[in-house]
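Since the model is a prediction, treat every value here as computed from it, not as a measurement.
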Number of protein chains: 2
Amino acid sequence: MPKPVSRAYSHYSRDALLAFSQLIKRARIERKLTMQELADRAGISRGLLQRIEKGDPACAIGVVFEVAAIVGVRLFNADQATLATAISANNATLALLPKSVRPSSKQVKDDF
Amino acid sequence: MPKPVSRAYSHYSRDALLAFSQLIKRARIERKLTMQELADRAGISRGLLQRIEKGDPACAIGVVFEVAAIVGVRLFNADQATLATAISANNATLALLPKSVRPSSKQVKDDF
DNA sequence: CCTTTATGATTCATTTATAAACCATTATGA
DNA sequence: TCATAATGGTTTATAAATGAATCATAAAGG
């Protein structure tokens with residue numbers, strides 16, 4: 001079946017993505033890196049980097065995270081060790097949580 | 001021309017993505033949401049949500065951020081107002097920075 | 001236990017992202 | 001001011017992501 005032509009994004013996720021892209025662009029400029037240079041280091045095309053720095057939601061998340069890492073923009077304000085610790089902790093927590101969820105009565109919990 | 005068959009990701013960006021995906025899965029389970037239910041709310045397929053919760057780098061960043069927002073996972077630990085402020089501040093900063101960068105002498109500044 | 005269903009994994013068709021090559025514009029810095 | 005180069009925006013071909021359907025497994029919860 002056909003995929004939806006365009007997606008709907010919440011205000012929050014769009015802002016989050018925009019803020020993230022701005023941080024990347026800012027970090028690149030402050031490090032005096034050309035878009036071409038950064039693209040080369042990330043192994044992507046210059047055109048893709050342009051879309052990333054504009055906050056295009058369709059970019060692959062792995063590439064965006066990679067570019068961010070190259071220019072020093074951190075997620076969760078966490079360094080390598082902190083991330084590793086968080087991953088382990090999350091694995092432990094996930095092991096305790098139920099493996100599958102049975103919806104009791106279609107309860108909604110939207111609070112954002 | 002041909003795209004690279006597979007991409008190289010740094011350890012940091014992979015860990016960041018993995019940690020992020022774990023937070024999403026955890027939040028979904030704690031809210032007692034079925035993968036199908038969450039996928040429906042996000043307007044995506046269940047298969048794509050599976051990849052997102054496994055930390056697949058090829059997923060579109062907009063969709064991942066959207067899913068995260070739905071289950072309450074925040075980027076940068078920032079709420080809506082904080083994000084908006086950050087965006088404005090970044091715009092102001094970017095306006096002061098040079099519009100284009102001239103690489104003085106191929107200086108490298110990798111420190112991660 | 002046993003039934004029900006959520007999850008995991010695979011395959012296929014189709015849409016879409018991406019790379020590359022352009023051109024135009026703009027800004028840098030000499 | 002001027003020349004050079006970086007950025008922005010196109011277009012096109014190709015590779016890849018996504019949705020849908022299906023099957024198998026496992027786990028929830030009665």
Side-chain angles (χ1 to χ4, degrees), chain A residues 1-9 17 21-22 24-26 28-67 71 94-107, chain B residues 1-9 17 21-22 24-26 28-67 71 94-107:
Chain A
M1 285 305 207
K3 250 192 313 186
V5 220
S6 75
R7 267 185 208 295
Y9 295 101
L17 185 52
S21 68
Q22 285 179 328
I24 291 176
K25 178 168 190 171
R26 217 178 122 171
R28 173 183 63 81
I29 296 177
E30 286 171 347
R31 293 190 174 216
K32 302 194 192 310
L33 282 177
T34 292
M35 297 193 80
Q36 186 65 61
E37 291 172 337
L38 179 52
D40 288 343
R41 288 200 199 181
I44 64 177
S45 66
R46 190 170 62 91
L48 178 53
L49 179 58
Q50 282 193 35
R51 287 183 12 235
I52 291 175
E53 291 194 353
K54 281 201 310 184
D56 189 330
C59 300
I61 191 173
V63 177
V64 181
F65 276 31
E66 182 67 24
V67 170
V71 294
L94 282 172
L96 299 180
L97 263 50
K99 276 79 181 175
S100 70
V101 173
R102 297 284 181 134
S104 309
S105 57
K106 293 296 182 196
Q107 49 186 318
Chain B
M1 282 320 189
K3 252 193 313 187
V5 232
S6 75
R7 263 182 214 295
Y9 295 102
L17 185 52
S21 67
Q22 286 178 327
I24 292 176
K25 178 169 192 174
R26 218 178 121 171
R28 174 183 63 81
I29 296 178
E30 287 170 346
R31 292 188 174 216
K32 302 194 192 308
L33 282 176
T34 292
M35 297 194 81
Q36 186 65 62
E37 291 172 336
L38 179 53
D40 289 344
R41 289 202 198 181
I44 64 175
S45 65
R46 188 171 64 91
L48 178 53
L49 180 58
Q50 282 191 37
R51 293 206 296 281
I52 291 175
E53 290 195 353
K54 281 201 310 182
D56 189 331
C59 300
I61 192 172
V63 177
V64 182
F65 276 31
E66 184 66 25
V67 169
V71 295
L94 282 173
L96 299 180
L97 263 47
K99 277 80 180 172
S100 70
V101 173
R102 297 282 182 134
S104 309
S105 59
K106 293 295 182 197
Q107 47 187 319

Sugar-phosphate, base or nothing in reach of B:Val63, heavy atoms under 4.0 Å: nothing
Whole-Å gap separating P (C:dT18) and CZ (A:Arg46): 16 Å
Matching residue for B:Leu38 among B:Val67, B:Ile52, B:Ile44 - test: side chain to side chain contact (heavy atoms under 4.5 Å, CB included): B:Val67
Upstream residue (5' side of DNA chain D) when A:Thr34 and A:Val101 are each assigned their closest nucleotide: A:Thr34
Whole-Å distance separating the CZ atom of B:Arg51 from the P atom of D:dA16: 14 Å
Closest-nucleotide 5' rank along DNA chain C - winner of A:Leu49 and B:Leu97: A:Leu49
Value in whole Å for how far the P atom of C:dT28 lies from CZ of B:Arg102: 9 Å
Closest-nucleotide 5' rank along DNA chain D - winner of A:Gln36 and A:Ala60: A:Gln36
Nucleotide C:dT16, atom C1' - distance to CD1 of B:Ile61 in whole Å: 17 Å
Whole angstrom value for the distance that separates P of D:dT7 from CG of A:Leu33: 10 Å
Sugar-phosphate only, base, or nothing, as touched by B:Ser100 at under 4.0 Å among non-hydrogen atoms: sugar-phosphate
Rounded distance in Å - CE (B:Met35) to C1' (D:dA28): 17 Å
Nearest heavy atoms of A:Val64 and B:Ile61, plus distance in Å: CG1-CD1, 3.7 Å
Value in whole Å for how far the P atom of D:dT22 lies from CD of B:Gln50: 17 Å
B:Arg41 CZ to B:Leu33 CG distance, which is reported to the nearest 0.5 Å: 5.0 Å
Side chain to side chain, A:Gln22 and A:Lys25, heavy atoms closer than 4.5 Å: no
